[in-house]
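Below is one structure, written out as structure tokens; the observations come after it.
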Amino acid sequence: MTERCTPRENPMYTVTTEEFDHLTLGDLSLRARIYRPAGDGPFPAYVDLHGGAWFKGGYANNDPINRALAARGVVVMAADYRLPPEGTYPASVADANHAVRWLKLNAARFGTRADMVGIMGTSAGGHLAVLTALKPFDPRYAALPLEGGAGIDARVASVVALWPVICPATRYQENLEREARGDTSLAGRAGAGHGQMTYWLNEATMQDGSPVYALERGDPIDLPDMLYVQGAGDALHLPRNMDRFIAGYRKAGGQVETELMEGDHFDAPRSMPGSALAQRVFDHIAEFASGARRTGEDPAA
């Protein structure tokens, strides 16, 4: 399928899309959609992980974001991952790790290079993107074999975290407190359950899979360049959690850029892609993708 994406006056790339199963586990197949700019490249690339509180959603969720980025010269592979009941923690992290390796193996096919592959995601998918990037060699996350790519790892060139649930354990406690107060706001209506426990099963795993806790524990981590996009007044993904994570990431030696969005729409790039705010975010991501430090040569390059 070929479409012209013209959300702004500047010249844009024509975008082609292709859908396929990127991973089959028994009777379960995980779907993906590639958004590719027309041209020879090589283009920077991202595996995109959708939101949905770890228990719902699909690869098409971030379509407005992914089309806009592809029109700006970024290859995006929007990938499904296992959801409960088929997959509880750490299944989706393993799926994301595999998706990164899959795209690195197939980089030339889509006009990119293995050393230009990064990872991105929104909300719960933003959490999964950051965790995957921090711990590419964790044996639980790297457990799925990649046919034809035994020598390829899941290190990424960069990370784009869009309003991530950066600490699942903190999110769970915040939701419990909102429920106790009878909070009727959007954040309060999300509720302590919000499907979160169907994926994590208990609070110990939330702490184990928290990027914030990983930094504070001193876990072995990778530190790819990161762009963190956050609504300044976002009640669902509190900025104080972003501040806590960024402080730890920078202390560990990582580089983080931020994009703070004003206004009432915490997910404006997805829900209002034609807005000036969304266009600014898209431009920032594309610029960041082109300039982020690369991880070096990879066996699939």
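Under the side-chain contact (heavy atoms from CB on, under 4.5 Å) rule, His237 has a single partner from Arg171, Glu174, Met242, which is Arg171.
Residues that satisfy the ring-ring contact (aromatic ring centres under 6.0 Å, His included) test with Tyr141, not counting sequence neighbours, are absent from this structure. Remark: Tyr213 pairs with no residue by the ring-ring contact (aromatic ring centres under 6.0 Å, His included) rule, at least two apart or across chains. Checked against salt bridge (Lys or Arg N to Asp or Glu O under 4.0 Å), Glu259 has the following partners two or more places apart in sequence or in another chain: Arg280. With sequence neighbours excluded, the residues satisfying ring-ring contact (aromatic ring centres under 6.0 Å, His included) with Tyr89 are Trp200. Every residue meeting the salt bridge (Lys or Arg N to Asp or Glu O under 4.0 Å) condition with Arg270, not counting sequence neighbours, appears here in chain and number order: Asp267. Evaluation of the salt bridge (Lys or Arg N to Asp or Glu O under 4.0 Å) rule for Asp95 yields Arg82 as partners, not counting sequence neighbours. Considering only residues two or more places apart in sequence or on other chains, His98 meets the ring-ring contact (aromatic ring centres under 6.0 Å, His included) condition with none of them. Residues that satisfy the salt bridge (Lys or Arg N to Asp or Glu O under 4.0 Å) test with Glu216, not counting sequence neighbours, are Arg244.
Cluster annotation: Val281 is not connected to Met272 through the hydrophobic network of ILVMFWY side chains, with a link wherever side-chain heavy atoms come within less than 4.5 Å. Leu201 and Tyr81 are members of different hydrophobic clusters when ILVMFWY side chains are connected at heavy-atom separations under 4.5 Å. Leu134 and Phe137 sit in two unconnected hydrophobic clusters of ILVMFWY residues. Membership requires side-chain heavy atoms under 4.5 Å apart, directly or through other members. A chain of hydrophobic side-chain contacts below 4.5 Å, direct or via other Ile, Leu, Val, Met, Phe, Trp or Tyr residues, connects Leu260 to Ile246. Placement of Val130 and Leu238 in two distinct hydrophobic clusters is found when ILVMFWY residues are connected by side-chain heavy-atom separations under 4.5 Å, directly or transitively.
Leu23 belongs to a hydrophobic cluster whose other members, connected by ILVMFWY side-chain contacts under 4.5 Å either directly or through intermediates, are Leu25, Leu28, Leu30, Leu144. With side-chain heavy atoms closer than 4.5 Å counting as contact, directly or through intermediates, Tyr59 stands alone and belongs to no larger hydrophobic cluster.
For Tyr199 and Thr205, the side-chain atoms include no donor-acceptor pair closer than 3.5 Å.
In this structure, Gln279 and Gly274 approach most closely via the heavy-atom pair NE2-CA, 4.1 Å. Smallest separation of non-hydrogen atoms from Ala157 and Met116: CB-C, 4.0 Å. When all heavy atoms of Asn241 and Ile166 are compared, the closest pair comes out as O-CG2, 3.7 Å. Here the closest heavy-atom approach between residue Ala278 and residue Pro269 is recorded as CB-CA, 3.7 Å.
For Asp153 and Lys104, the salt-bridge test passes: some basic side-chain N is under 4.0 Å from an acidic carboxylate O. In this structure, Asp48 does not pair ionically with Arg33, as no charged nitrogen and carboxylate oxygen lie closer than 4.0 Å. Using a cut-off of 4.0 Å between Lys/Arg side-chain N and Asp/Glu carboxylate O, Asp21 and Arg31 are scored as salt-bridged. Salt-bridge formation is detected for the pair Arg109/Glu18: a Lys NZ or Arg NE/NH1/NH2 atom is positioned less than 4.0 Å from an Asp or Glu carboxylate oxygen. Ion pairing between Asp115 and Arg155 fails under the 4.0 Å rule for side-chain N and carboxylate O. Ion pair Asp283/Arg72 flagged as a salt bridge, since at least one NZ, NE, NH1 or NH2 atom sits closer than 4.0 Å to an Asp/Glu carboxylate oxygen.
Note on residues 239-261: pairs passing ring pair (Phe, Tyr, Trp, His ring centres under 6.0 Å), not counting sequence neighbours, are Phe245-Tyr249. Applying the salt bridge (Lys or Arg N to Asp or Glu O under 4.0 Å) test to every pair with at least one member in residues 246-258, sequence neighbours left out, gives no pairs at all.
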| Passes side chain to side chain donor-acceptor pair (under 3.5 Å), Thr16 versus Tyr35? Steps please. | CA-CA 6 Å; Thr16 61; Tyr35 301 78; over 6 Å; no
| query | Is there a side chain to side chain contact (heavy atoms under 4.5 Å, CB included) between Val212 and Thr170 once you walk through the steps? | reply | CA-CA 9 Å; Val212 171; Thr170 301; over 6 Å; no
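Here the CG atom belonging to Leu83 is positioned 5.0 Å from the NE2 atom belonging to His50, to the nearest 0.5 angstrom. Taken to the nearest 0.5 Å, the CD1 atom of Ile34 stands 5.5 Å off from the CG atom of Leu103. The structure places CG of Leu49 at 11.5 Å from CG of Asn61, a figure rounded to the nearest 0.5 Å.
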